[in-house]
Amino acid sequence: MSRELAPTAARTRVLELRELIREADHRYYVLDDPTLSDTQYDELYRELVGLESAWPELLDATSPTQRVPGVVAEGFEPFPHPSPMVSLDNVTTDEQFHDWVASGDRYLRSEDERRYSVEPKIDGIGLELIYEDGVLVTAATRGDGLVGENVTANARTIRSVPQRLRGDDVPTWIAIRGECYCRKEDFFAFNRAAEEAGERTFANPRNFVGGSLRMLDAKIPASRPIRYFAYALGGVRGATYASQREIMDALRAMGLPTIPEARTVNGAEAVAARYAELVEARDGVPYEMDGVVVKVDDLALQERMGMRTRSPVWAVAWKFPAQRALTRLKDVDWSVGRTGVVTPRAILEPVFLAGVTVQHATLHNLDELDRLQLRIGDEVEIERAGDVIPKVLRALEEQRSGDEREIVVPDACPACDTELHRDEGKVALRCGNFACPAQIKGHLAHFAGRGALDIRGLGEKQVEQLLREGLVRDAADLFYLEEDALAGLERWGTKSAQNLLAQLTVARTRPLDRFLVGLGIREVGERGAQILARAFGTLEGVEAATKEELLDLDEVGEALAESVLEWFGEERNRAMLERMQAAGVAPAAVAAPAGGAFEGLTLVLTGKLEELSRDEAKRLVEAQGGRAASSVSKRSDLVVAGPGAGSKLKKAEELGIEVIDEAEFLRRAGRA
Ligand code: IVH
């Protein structure tokens with residue numbers, strides 16, 4: 001890059017370009033009122049990039065060119081929120097909404113206080129933005145509400161999130177809360193392009209946004225059409241506001257996008273009217289809304305009304321009704337999952353519903369099928385609520401012509417022809433053949449999937465191919481794959497073979513909890529795997545665990561304990577683990593976070609807790625390096641006893657174990 005300009009001229013131009021680009025971003029992404037054409041914008045941007053590379057001394061972290069970092073992150077740091085990110089209570093009917101209004105009446109001192117902010121409930125992913133002296137310093141997801149994930153690098157790539165707040169009089173510190181979302185048309189365009197390129201598509205805008213925010217390489221979210229709306233504060237210093245309306249006005253003045261459909265109205269009837277308007281307007285609004293959020297406008301009144309455990313008394317989410325449509329049932333197909341459960345699925349005449357074309361609906365299981373009494377050819381009513389898979393509600397029996405056919409429940413596995421059976425007392429139809437190709441395929445895809453070992457480049461298609469070509473028969477075989485054999489496969493080559501082998505190298509030492517999820521032990525989901533991994537540390541440790549040790553873990557019940565013992569008791573499972581270990585698979589021990597207040601300690605919670613829910617308390621124990629156990633024994637280190645504590649408290653006293661109350665627990669955990 002040449003330095004054609006004099007230093008001061010370069011500096012002036014760089015500052016000018018940054019301002020022009022910031023203004024253009026603001027007009028485009030926040031005000032939705034662009035002033036520059038794409039070409040004009042690109043020209044300014046390119047000029048700025050050129051000058052900044054010729055004059056590196058002029059670089060600044062808040063320059064519009066610095067939204068994407070050059071390095072890929074290794075993970076996300078936990079971020080304790082300055083105040084809890086609470087959720088909202090739901091109402092679904094007019095009556096429930098009026099009950100909520102009535103429950104607030106005793107706090108009212110004048111009719112004037114019956115003013116509400118009525119805002120669309122945006123179906124996206126909550127994100128908190130922290131600005132210090134007007135500069136964006138941190139962005140974090142909600143997480144469990146107390147501690148989120150620090151996703152600052154990814155959030156910086158969202159063009160509607162200002163790097164700096166606008167105006168001269170910005171607060172010294174402010175935590176802004178809002179929602180990341182994607183417009184419906186942008187989402188469809190993205191999926192269409194991905195489909196054409198043979199890349200992964202997403203089920204709905206919400207998953208798309210959530211997945212993008214959790215990408216370690218910020219280049220990925222940077223290339224995706226993600227936007228932001230601000231709607232609340234998590235705290236502020238250096239400014240005061242009297243109402244939600246003032247907060248929204250201030251946010252807008254600071255350059256943040258706010259929801260254009262939000263209104264401030266007087267009285268419950270006006271809220272209901274606005275709700276009805278938004279239900280009506282739903283399809284025409286550019287983003288997905290799943291209801292409205294009604295907030296008491298006056299902040300002093302909000303303060304008076306206060307909080308329940310996890311949600312404010314002064315706000316409520318009034319959900320929209322699920323959307324329904326009529327279509328025809330063309331057929332029912334049966335698929336075999338990784339656990340051998342065979343599930344029916346409705347194949348439908350394609351119908352447009354709640355923003356997507358629906359061609360399939362879940363029929364859950366045999367009981368559901370029995371209840372619905374469907375026939376092939378029936379006209380059926382289907383429903384899609386939020387991001388859940390559409391389901392069949394009923395058949396329109398009065399519309400039958402007589403040509404409809406009965407649904408035949410298969411008695412043999414559609415994949416391997418083994419006779420199917422129903423577990424006693426269970427509604428699931430199951431294929432008991434552990435060598436069933438559909439189960440193996442499902443299991444391998446799960447093992448390589450994102451919640452488990454996250455082996456990129458090994459999706460369902462590739463798994464199917466490896467199985468078909470006889471290169472693998474179970475998960476252990478993956479770790480014995482060789483470059484030549486892979487490179488010779490159709491549509492593969494040296495490069496993709498090497499990529500997969502590199503992925504497998506990383507996968508060998510993924511954390512133990514992810515590995516346990518991957519094994520597909522019944523009852524062991526993400527949470528169960530975490531508990532096992534934390535408690536026993538290593539794979540050998542989990543394998544050696546006795547029933548008593550398992551049951552002693554808080555949140556581990558009979559079913560999970562039995563299932564773990566059964567899985568490790570199976571000869572073929574142990575043989576598979578041995579072959580994995582011989583191929584260098586060594587899941588990383590999941591150490592409790594070091595330096596926490598409860599590092600290495602076993603705590604028992606008993607009695608009623610007032611500040612925290614049980615789950616929050618357990619997570620706090622774990623976040624501070626401890627382990628939550630369900631029964632008091634010699635191995636317990638500390639018992640947290642709330643009102644109503646009984647036998648466990650007595651036992652702790654007998655054994656001479658230290659007992660503290662919730663306040664002391666919170667104090668030690670650094671939360672009070
Ligand atoms: S206000 C105390 N306003 O809905 C109020 N939330 O279940 C806190 N959401 O986690 C939230 N649109 O992610 C608020 N206009 C809106 C919203 C909204 C969507 C989400 C948010 C929150 C969840 C509450």
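Below, all heavy atoms of this structure are taken into account, side chains as well, without hydrogens, waters or symmetry copies. Start at 1 and go down the list; that is how both ligands and their atoms are numbered.
- Within the 4.5 Å cutoff, the side chain of Glu269 has heavy atoms near those of the His98 side chain.
- With respect to Glu288 and Arg206, no salt bridge is recorded, no charged nitrogen being found less than 4.0 Å from a carboxylate O.
- Taking both residues in full, the closest heavy atoms of Asp217 and Pro221 are given as O-CD, 3.3 Å, listed atom of the first, atom of the second, then distance.
- Here ring pair (Phe, Tyr, Trp, His ring centres under 6.0 Å) pairs that include residues 134-182, with residues two or more places apart or in two chains, are Tyr181-Phe229, Tyr181-Tyr287.
- Counting only residues at least two apart or on different chains, the side chain to side chain donor-acceptor pair (under 3.5 Å) pairs with a member in residues 125-140 are His81-Glu128, Glu128-Arg177.
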Please tabulate, for side-chain N and O atoms in residues 312-320, each donor-acceptor pair with protein atoms closer than 3.5 Å (sequence neighbours left out).
none

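- Pocket lining of ligand 1, defined as residues with a non-hydrogen atom under 4.0 Å away: Val86, Leu88, Glu119, Pro120, Lys121, Ile122, Gly126, Glu179, Tyr231, Ile259, Val293, Lys295, Pro312, Trp314.
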